[in-house]
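Heads up: the structure comes next, in structure tokens.
Along the sequence shown, the residues carry numbers beginning at 1. Here the structure is a predicted model, which is why all the values come from computation and not from measurement.
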Amino acid sequence: RAGVARPRHRRRRRIHRGGGRRHRRMEVLVLGAGHDVGRSCVVVTLGDKRIMFDCGMHIGYKDSRRFPDFTKLTPHGGSLTSVIDAVVITHFHLDHCGALPHMTEVLGYDGPIYMTAPTAAICPSLLEDYRHLMTDRRGEPNLYTAEDITACMRKVTPVALHERVHVGGGLSLGPYY
């Protein structure tokens, strides 16, 4: 008919992976920031590896809602280290890294933590400034200590741009801008 656009038929493409790789199922679990800004924390399971991307805080809350809901990973208690293979902090904003000292020093996560060298350089200062403002000046409880920040940052492995970190099971990670 004149004047009616007809849809073009597209051929479906089949994507082939070389090297005999198996297709892996990916699962995504949002522990925070699903519907708002703050406490960014997403856990991606790919094959048998579970990687946490970001561990942020929501600065608008003063109670347990300040931190990601880690009970989604360990509903019956247990160690976060046993259920997370690695943590990757994407950048130094508090809504992406602010809960890291809580996760490592209060909840006991002791696995690998990766972030770029610039993020690792800036992160401790931001965490300490926020901690000082909230606890020393405002007297708010439910936060970590200066010692927690120092101990947490000792566990971080800085990663250079384009460097590959092998997590295991054929999975590797690398930062790019």
Side-chain angles (χ1 to χ4, degrees), residues 28-45 49-163 165 167 173-177:
V28 175
L29 177 63
V30 178
L31 303 184
H35 298 285
D36 63 344
V37 175
R39 102 184 151 184
S40 294
C41 187
V42 176
V43 178
V44 176
T45 303
K49 296 297 174 192
R50 187 176 276 176
I51 310 299
M52 177 182 286
F53 290 93
D54 292 329
C55 188
M57 74 165 52
H58 194 298
I59 61 174
Y61 294 115
K62 298 176 184 175
D63 56 17
S64 64
R65 296 174 296 170
R66 170 182 283 167
F67 301 120
D69 186 1
F70 297 111
T71 62
K72 289 182 179 181
L73 289 173
T74 56
H76 305 292
S79 165
L80 286 173
T81 306
S82 68
V83 295
I84 299 173
D85 293 293
V87 175
V88 175
I89 302 298
T90 60
H91 62 285
F92 57 79
H93 292 164
L94 289 174
D95 63 322
H96 292 263
C97 69
L100 194 58
H102 175 76
M103 185 177 136
T104 61
E105 305 314 304
V106 176
L107 301 179
Y109 175 75
D110 197 28
I113 303 167
Y114 303 106
M115 59 181 74
T116 63
T119 297
I122 295 170
C123 193
S125 295
L126 289 176
L127 292 169
E128 178 53 29
D129 284 350
Y130 182 74
R131 186 211 61 79
H132 175 71
L133 176 67
M134 300 311 285
T135 60
D136 296 348
R137 286 197 172 168
R138 294 189 183 170
E140 289 185 18
N142 302 326
L143 203 56
Y144 36 76
T145 66
E147 293 79 17
D148 290 339
I149 294 169
T150 301
C152 171
M153 293 309 296
R154 275 193 230 118
K155 298 173 183 177
V156 169
T157 301
V159 180
L161 289 178
H162 308 285
E163 179 182 351
V165 174
V167 179
L173 306 167
Y176 294 85
Y177 287 140

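Applying the side-chain contact (heavy atoms from CB on, under 4.5 Å) test between M52 and each of V44, L31, I113, V88 identifies L31 as the sole match. For the side-chain contact (heavy atoms from CB on, under 4.5 Å) with T74, the lone residue among I84, L80, L107 that qualifies is L80.
Looking at R39 and F67, their side chains never come closer than 4.5 Å, going by heavy atoms from C-beta outward. Using a 4.5 Å heavy-atom cutoff, the side chains of V42 and D54 are not in contact. Counting only heavy atoms from C-beta outward, the side chains of P101 and L127 approach each other to under 4.5 Å. Between V43 and K72 there is no side-chain heavy-atom pair separated by less than 4.5 Å. At a threshold of 4.5 Å between non-hydrogen side-chain atoms, the residues E147 and E105 do not count as touching. Using a 4.5 Å heavy-atom cutoff, the side chains of I89 and T116 are not in contact.
Between V156 and A120, the shortest heavy-atom contact is CG1-CB, 4.3 Å. Of all the heavy atoms in T81 and D110, the pair that sits closest is OG1-N, 2.7 Å. Pairing each heavy atom of Y114 with each of A86, the nearest pair is CE1-CB, 3.9 Å.
Of the inter-residue distances, the one linking H58 atom NE2 with D95 atom CG reads 9.0 Å to the nearest 0.5 angstrom. Between T157 atom OG1 and M115 atom CE the span is 9.5 Å, to the nearest 0.5 Å. The CG atom of L143 sits 12.0 Å away from atom NZ of K62, with the distance rounded to the nearest 0.5 Å. Between atom OH of residue Y109 and atom NE2 of residue H102 there is a gap of 15.0 Å, rounded to the nearest 0.5 Å. Here L100 contributes atom CG and C55 contributes atom SG; the two are 5.0 Å apart, rounded to the nearest 0.5 Å. Rounding to the nearest 0.5 angstrom, the gap separating the NE2 atom in H96 from the SG atom in C123 is 12.0 Å.
Ring-plane geometry between H91 and H93 is classed as perpendicular, the angle between the planes exceeding 60 degrees on a 0 to 90 degree scale with a lower cut at 30.
Residue pairs meeting the side chain to side chain donor-acceptor pair (under 3.5 Å) criterion with at least one partner in residues 125-135, sequence neighbours excluded, are E128-R131, R131-T135, R131-D136, H132-D136.
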### T45 vs L29, side-chain contact (heavy atoms from CB on, under 4.5 Å): CA-CA, chis, key distance, verdict
CA-CA 8 Å; T45 303; L29 177 63; over 6 Å; no
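Partners of E163 by side-chain contact (heavy atoms from CB on, under 4.5 Å), not counting sequence neighbours, listed by chain and number: V159, A160.
Here the side chain of D85 pairs a donor or acceptor atom with the backbone of R50 at under 3.5 angstrom.
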